[in-house]
Trainee: 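Please see the structure below; I have some questions.
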Amino acid sequence: MIPNKYLGIGYKVLAVLLLLYAVVYGMLAQLPELPTLGQSSRNIFYHVPLWFVTLTMAGISLAYSLKYLRLTDPDAPRSGNPLLADARAREAAQLSALFISLGLATGIIWQRVTWGADMHSGELTAWWAWDPVQVCALIALLIYLAYFLLRSSFAEPEQRARIAAVYNIFAFATLIPLFFIIPKMLPGLHPTAEKGSFIFNKSDISNEFRLILYPGMLGFVLLGIWIFELRSRLAIAALKVEELLADKLYQTTSNG
Amino acid sequence: MTTLLHTFFLLQEEKSWLMQSDKVYSVLAVLLIVFGTLIVYLYFTNRKLKKVEEKISELEK
């Protein structure tokens, strides 16, 4: 049995090593020449993993929202702080939104040199092609931004947490058609259009790319988990401040 | 907006800097966006964490 302390350090070391490998080898490796893409094909090592982190964070957020609902169920035994589960769901959702934004921004840069290569920089379609995958990702971002808007409209923590948890289930459910169904149904510029993910398809991606892409993907996912762990610690500390303030207020009123 | 895009992404010639050297600068731009954003995000998280920890020690006194 590996102690938790070593596991906690081990995955961080692994994340750093895998990311270093993906960045250094991804930039220096001799890769097959691809028409239109040129050297920009290396973007696959840094753009694609962002979507895997997005899905991981959205999954973690969903898990904590479900945990919150289970902990607040009057028929279920209470074993934990429901507000902590809600805070963790919020932090993971925030990271999901961050990684969607990064995926969109990096996609815009990549599209400028490929699909928009012959266009003038002043044209909007040189930067944004209204490709179904792009549009679906933008909708996913708006759905997660609405989650934060919804949270900010409730002052009472328990009411806010309950409604946000229910909305989060809906938000995660929308990711399935947005990322996996609609892009396959519509014609588009992404290689995934009508065909599905090519990342795991042996005939569509060469071994030279897979050798860097897969470790890079794992590295990015581990980095996402690392950041989530940090944000969780912040959420725990913030809850402790609230508890201490409430205690202080109680002491002041009972003394007065 | 158009002028801004011209200033940042278009040189006097027709080719954007992103297209030069067989489009390798687009990879550098992507790396900069990803790691730059994450570093800034972690910096602000760390700053926030320090503030919260200070508040905890202040309240525990």
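All of these numbers come straight from a predicted model, not from anything done at the bench. In what follows, chains are A, B, ... by sequence order, proteins preceding strands, each numbered from 1.
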Trainee: Give me the atom names and distance for the closest heavy-atom approach of B:Ala29 to A:Ile109.
Mentor: CB-CG2, 4.1 Å
Trainee: Taking the side chain as everything from C-beta on, heavy atoms only, tell me whether A:Leu223 gets closer than 4.5 Å to B:Leu38.
Mentor: yes
Trainee: Which atom pair, heavy atoms only, marks the closest approach of B:Lys23 to A:Gln39?
Mentor: C-CB, 4.4 Å
Trainee: Closer than 4.0 angstrom, basic N to acidic O: yes or no for B:Glu53 and A:Arg233?
Mentor: no
Trainee: Please determine, among A:Leu98, A:Leu244, A:Val113, A:Thr106, the option with the most heavy-atom pairs under 4.5 Å with chain B.
Mentor: A:Val113
Trainee: Inspect the surroundings of OH in B:Tyr25 and state if more than 12 heavy atoms from other residues, nucleotides or ligands are less than 6.0 Å away.
Mentor: no
Trainee: Got a sec: does the OH of A:Tyr25 have more than 12 other heavy atoms crowding it under 6.0 Å?
Mentor: no
Trainee: Which region of A:Ala117, side chain (C-beta onward) or backbone (N, CA, C, O), has a non-hydrogen atom less than 4.5 Å from a non-hydrogen atom of chain B, or is it both or neither?
Mentor: both
Trainee: Can you tell if the side chain of B:Lys48 reaches within under 4.5 Å of the side chain of A:Arg231, non-hydrogen atoms only?
Mentor: yes
Trainee: Between B:Leu28 and A:Met27, does a side-chain contact (heavy atoms from CB on, under 4.5 Å) hold up when you go through it step by step?
Mentor: CA-CA 9 Å; B:Leu28 293 176; A:Met27 287 302 285; 3.6 Å; yes
Trainee: Using non-hydrogen atoms only, which part of B:Leu59 is less than 4.5 Å away from chain A: side chain, backbone, both, or neither?
Mentor: both
Trainee: Could you report the tightest heavy-atom contact between B:Val27 and A:Asn43, atom names first, then the distance?
Mentor: CA-OD1, 3.2 Å
Trainee: Which atom pair, heavy atoms only, marks the closest approach of A:Leu102 to B:Val34?
Mentor: CD2-CA, 4.1 Å
Trainee: Please look at B:Ile33 and chain A and tell me whether the side chain, the backbone, both or neither of the residue comes under 4.5 angstrom of a heavy atom of that chain.
Mentor: both
Trainee: What part of A:Ile108 is in contact with chain B, defined as an atom under 4.5 angstrom from a non-hydrogen atom: side chain, backbone, both or neither?
Mentor: neither
Trainee: Of the backbone (N, CA, C, O) and the side chain (C-beta and beyond), which part of A:Phe45 lies under 4.5 Å from a heavy atom of chain B, both, or neither?
Mentor: neither
Trainee: State whether the number of non-hydrogen atoms from other residues, nucleotides or ligands found under 6.0 Å of B:Lys55 atom NZ is greater than 12.
Mentor: no
